[in-house]
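To start, the structure under review is shown below, and the notes come after it.
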Amino acid sequence: MALTLYDTLSRKDHLLQPLDGRTLRFYCCGPTVYGPAHIGNFRTFVTQDVLRRVLEQGGLPTLHVRNLTDVDDKTIRDSQKAGQSLGEFTAFWTARFHADCRALNLLPPHHEPSAVAHIPHQVRMIETLIQRGHAYEAADGSVYFRVGSFANYGRLSHLEDRELKTGASQAQQSDEYSKDALADFALWKARRPEDGGNFWPSPWGEGRPGWHLECSAMALEYLGEEFDLHSGGIDLIFPHHENEIAQSCCSTSGNFARHWFHVAHLMVDGGKMSKSLGNLYTLEDLAQRGFSPAEVRYCLISGHYRTPLNFTLHSLQSAAAALGKLAKFRQGLCAITASHAPQSSNGPGPFAAAWSQLQADLNVPAALGAMFSVVNATRPAEINEAQAGALLDGLAFMTQALGLQLPEAQAQAPAQQAPAEILALAQQRWEAKAARDWPLADRLRQEVEAQGWVIKDHKTGFEVQPK
RNA sequence: GGCGAGGUAGCAAAGUGGUAAUGCACUGGUCUGCAAAACCGGUAUGCGCGGGUUCAAUUCCCGCCCUCGCCUCCA
């Protein structure tokens, strides 16, 4: 097991080796639970899941922490709109998120801490930062991190190379006039009228924690002052992760995350996903269009995680077909070695090339390509039971590593029964066919198809399926 | 304006200093009355454009064009 992963901080590939010599500890920035997560959000979570599965499949135990952001401007605003308490509101969307995660075959994190449940941890961290001179209380009771006090600020996002556009952001920040410097960010936000009942006590008065702080506090709590990997969507590099580094390094004696793992965005039809363009999809939207979560998962991992992936409904159809091809391959193998129970623990076997692609910066598309090369090179008629068994084991190993769930044999899907009139037409066609009246047979088939059904002939009869 | 990512067949997407994986779609064949399914094949002399280095470049270098993302609470 020698997984090499690109590290955003050093901009180089690194061999992943657990700091403690035993367990790879990693933190993932989770969702803000104020609505259904869309497939762009899930690209990140699915990729993190593949990373974890590959590590574990390679024999390296993991400790996986992913938070829930259950207090921020959006959760407060939308819970009020919904006429619910913040807790009720976020519990609802958390349940929905979990359901989607299960559907996508995501392994549950070992810890899934919520921001609201860790307010004391965050308050303690702020106190330390103030004591050490890295944070200050403003006139209104908010607390800010003094960016100028941390020399390494900007290393992750290469801020030193940037020229920040200041005009727009200054206007946006007009209510935060009390900051010492524009770049300083909120650790604690003083209570405002629009927060309603959503505030907590602190040494600086009532308020709530800033967004960046929760991840630092919870990573510290569950992973310690230094851990192996921190992950999230590429948009979080700045400012979220930059701020996390600053807070964490300044309030502990550790160096926070050793490596950083960022997932590129999902594009839709060549551009950004947005509600106004009508191209923002949730799992539910896609289910209504007849796509299973397994197919969505395949689609989301079918591009390399560091390259923007262009999602289209056509690419989803393509994913569905690809998954079906793997499923048929497996069925064919099962027919050869009926008694064999596939063992995913036997290693990649014939799929070693695919497995090694995953070790090289998680190259899933290359791994899938290598898998299909094995599929295409296999002649079911020419292999024996032992070979079929090895292929089955290797396939199970790979699908486990990628978290792919192959569709079962079609027989298991409940065959939709055609209406009597359709069946009658099909029966007429069968009789016409038996009478070798081809023009009539073809006309009847067309009629059936026009009504949305397809006739498939067998040796001794026919079946009618939805088109 | 700054920073970053990217432009490879109809669509999607790997990859490489020596001449382009893979999936879908398309297409030829086998099979079928014809189809469908299945199986066996085929399809980029080319990798945004123009230069340069090299025996050799899609791959390295320079310039240009275009797309996308981020630029203070978006995965």
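Within every chain, numbering begins at 1; the chains are lettered A, B, ... in the order of the sequence lines, protein sequences first and strands thereafter.
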From [atom1] of [X] over to [atom2] of [N], roughly how many Å is that when rounded to an integer?
X	N	atom1	atom2	result
F351(A)	U22(B)	CZ	P	15 Å
Q317(A)	C11(B)	CD	C1'	11 Å
K456(A)	C31(B)	NZ	C1'	16 Å
D72(A)	C74(B)	CG	P	8 Å
W430(A)	U32(B)	CH2	C1'	12 Å
I234(A)	C3(B)	CD1	C1'	11 Å
E244(A)	C74(B)	CD	P	13 Å

**Asked** Which pairs with one or both residues in residues 354-365 of chain A pass salt bridge (Lys or Arg N to Asp or Glu O under 4.0 Å), sequence neighbours excluded?
**Response**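 Listed by first then second residue: R306(A)-D361(A).
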
**Fill in**
Contacts satisfying salt bridge (Lys or Arg N to Asp or Glu O under 4.0 Å) that involve residues 291-300 of chain A (not counting sequence neighbours) are D49(A)-R297(A)

Given [options], the nucleotide with the shortest approach to the side chain of [X]:
X	options	value
T307(A)	G6(B), G23(B), C34(B)	G6(B)
H304(A)	G33(B), A14(B), U22(B)	A14(B)
H314(A)	A13(B), A25(B), U22(B)	A25(B)

**Watson-Crick and G-U pairing of RNA chain B, under 3.5 Å, as dot-bracket with | and [ ]** = (((((((..(((.........))).(((((.......))))).....(((((.......))))))))))))....

Could you list the donor-acceptor pairs under 3.5 angstrom formed by side chains in residues 430-439 of chain A, with sequence neighbours left out?
{"residue": "E431(A)", "atom": "OE2", "partner": "Q427(A)", "partner atom": "NE2", "Å": "3.2"}
{"residue": "K433(A)", "atom": "NZ", "partner": "D457(A)", "partner atom": "OD2", "Å": "3.0"}
{"residue": "D437(A)", "atom": "OD1", "partner": "L440(A)", "partner atom": "N", "Å": "3.4"}

For nucleotides 40-43 of chain B, print each protein N/O atom paired with a nucleotide N/O atom at under 3.5 Å, atom names and distance only.
{"residue": "C40(B)", "atom": "OP1", "partner": "R379(A)", "partner atom": "NH1", "Å": "3.3"}
{"residue": "G41(B)", "atom": "OP1", "partner": "R379(A)", "partner atom": "NH2", "Å": "3.4"}

**Message:** Between the base of G33(B) and the side chain of R429(A), is one N or O donor paired with an acceptor at under 3.5 angstrom?
**Reply:** yes

**Message:** For G15(B), does the base pair up with any side-chain atom of N363(A) as donor and acceptor (N or O, under 3.5 Å, distance only)?
**Reply:** no

**Message:** R445(A): which residues meet the side-chain hydrogen bond (donor to acceptor under 3.5 Å, both in side chains) condition with it, sequence neighbours left out?
**Reply:** none

Among all residues two or more places apart in sequence or in another chain, which pass the ring pair (Phe, Tyr, Trp, His ring centres under 6.0 Å) test with [X]?
X	result
F97(A)	F42(A), F45(A)
H14(A)	H259(A)
Y34(A)	none

**Complete:** Given the options H121(A), H118(A), H110(A), Y222(A) meets ring pair (Phe, Tyr, Trp, His ring centres under 6.0 Å) only with H118(A)

**Prompt:** How do G30(A) and T312(A) order along RNA chain B: which one's closest nucleotide is nearer the 5' end?
**Reply:**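 The residue whose closest nucleotide sits nearer the 5' end is T312(A).
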
**Fill in**
Between A321(A) and D457(A), whichever has its closest RNA chain B nucleotide further toward 5' is A321(A)

May I have the list of side-chain donor-acceptor pairs in residues 315-324 of chain A shorter than 3.5 Å, sequence neighbours left out?
{"residue": "S315(A)", "atom": "OG", "partner": "T312(A)", "partner atom": "N", "Å": "3.0"}
{"residue": "S315(A)", "atom": "OG", "partner": "T312(A)", "partner atom": "O", "Å": "2.7"}
{"residue": "S315(A)", "atom": "OG", "partner": "T312(A)", "partner atom": "OG1", "Å": "3.4"}

**Interface residues of residues 432-441 of chain A with RNA chain B (non-hydrogen, below 4.0 angstrom)** = K433(A), W438(A)

**Message:** Using a 4.0 Å cut-off on heavy atoms, which residues in residues 35-49 of chain A reach RNA chain B? List them by number, or say none.
**Reply:**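 The answer is H38(A), G40(A), N41(A), T44(A).
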
**Message:** Are F261(A) and Y305(A), when compared by the centres of their aromatic rings, separated by less than 6.0 Å?
**Reply:**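 Between Y305(A) and F261(A), which both carry aromatic rings, the centre distance is below 6.0 Å.
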
**Message:** With no hydrogens and no angle check, just 3.5 Å: does a side-chain donor-acceptor pair link T75(A) and D72(A)?
**Reply:** yes

**Request:** Could you tell me whether P308(A) contacts a base, only the sugar-phosphate backbone, or nothing, with contacts defined as non-hydrogen atoms closer than 4.0 Å?
**Result:**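 Answer is sugar-phosphate: P308(A) comes under 4.0 Å of backbone atoms only.
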
